Amino acid sequence: MIQLPRIVYATGKDFEGEQVKNIKNDVTTQLEIIDWFGVPFKEGSENGYTMWTYQIDKWKVVGEVESKGLVILFDDQNKVKAYRYESSY
C-alpha cells in the first residue's frame with residue numbers, strides 16, 4: 001500500500017488560535033498581539049487604520065481544505081479596534 005503525504009500544500013504562517021480568546025477590543029495592544037502570534041502574515045490598512053492578517057491554509061490529498069485566519073484592525077492608539085477569527089480545524 002502506498003502512503004500519501006497528509007498535507008500536499010500549505011500557504012501562510014501557522015499561529016496559536018488559543019490566544020484569540022485573550023484579545024479585547026480597545027485594550028489589547030499591537031505589542032501584545034506580536035507577543036502572542038508573532039509577525040503577521042500580511043499587513044495592510046482599511047479606512048486609514050492598520051490591519052494585520054494571520055492565516056494558514058492547508059490542502060490535502062484527500063479531504064477538505066483546512067483554514068485558520070485572524071484579521072485584526074488597530075485604532076490610532078495601536079490598540080485592537082476590531083477582529084475576526086475563523087477556523088475549520
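None of the values given here were measured: they were computed from a predicted structure.
- With salt bridges taken as basic N to acidic carboxylate O contacts below 4.0 Å, one links K68 and D14.
- Looking at T29, its side chain does come within 3.5 Å of a backbone N or O of E32 through a donor-acceptor pair.
- You'll find the side chain of T53 stays beyond 4.5 Å of the side chain of P40, heavy atoms only.
- Distance check: K81 NZ to M51 CE gives 13.5 Å after rounding to the nearest 0.5 Å.
- E18 CD: 12 or fewer foreign heavy atoms inside a 6.0 Å radius.
- Not a single donor-acceptor pair under 3.5 Å links the side chain of S67 to the backbone N or O of S88.
- For the salt bridge (Lys or Arg N to Asp or Glu O under 4.0 Å) test, no residue two or more places apart in sequence or in another chain qualifies with D75.
- Follow the hydrophobic side-chain contacts under 4.5 Å out from V80 and you never reach V71; the two are in separate clusters.
- A pairwise comparison of heavy atoms in G38 and K13 identifies C-NZ, 4.3 Å as the closest pair.
- Put simply, I33 and V39 are part of two different groups of oily side chains (I, L, V, M, F, W, Y) that touch within less than 4.5 Å, one to the next.
- One hydrophobic cluster, built from ILVMFWY side chains closer than 4.5 Å, holds both I23 and F15.
- Between the K79 side chain and the D76 main chain, no donor and acceptor come within less than 3.5 Å of each other.
- When side chains are defined from C-beta on, W59 counts as touching T11, because their heavy atoms get closer than 4.5 Å.
- When the side chains of ILVMFWY residues are joined at heavy-atom separations under 4.5 Å, either directly or via intervening members, I34 and Y85 end up in a single hydrophobic cluster.
- Ring pair W52/F74 is perpendicular by interplanar angle, where above 60° counts as perpendicular and below 30° as parallel.
- In terms of hydrophobic clustering, with Ile, Leu, Val, Met, Phe, Trp and Tyr side chains grouped at heavy-atom distances under 4.5 Å, Y54 and W36 are assigned to a common cluster.
- Summarising the geometry of E16 relative to F37, their closest heavy-atom pair is O-CE2, 3.2 Å, with the distance given to 0.1 Å.
- The shortest side-chain heavy-atom distance between T28 and I72 does not fall under the 4.5 Å cut-off.
- Between Q30 and T50 there is a side-chain heavy-atom pair separated by less than 4.5 Å.
- Note that the OH atom of Y83 and the CG atom of L70 stand 8.5 Å from one another [nearest 0.5 Å].
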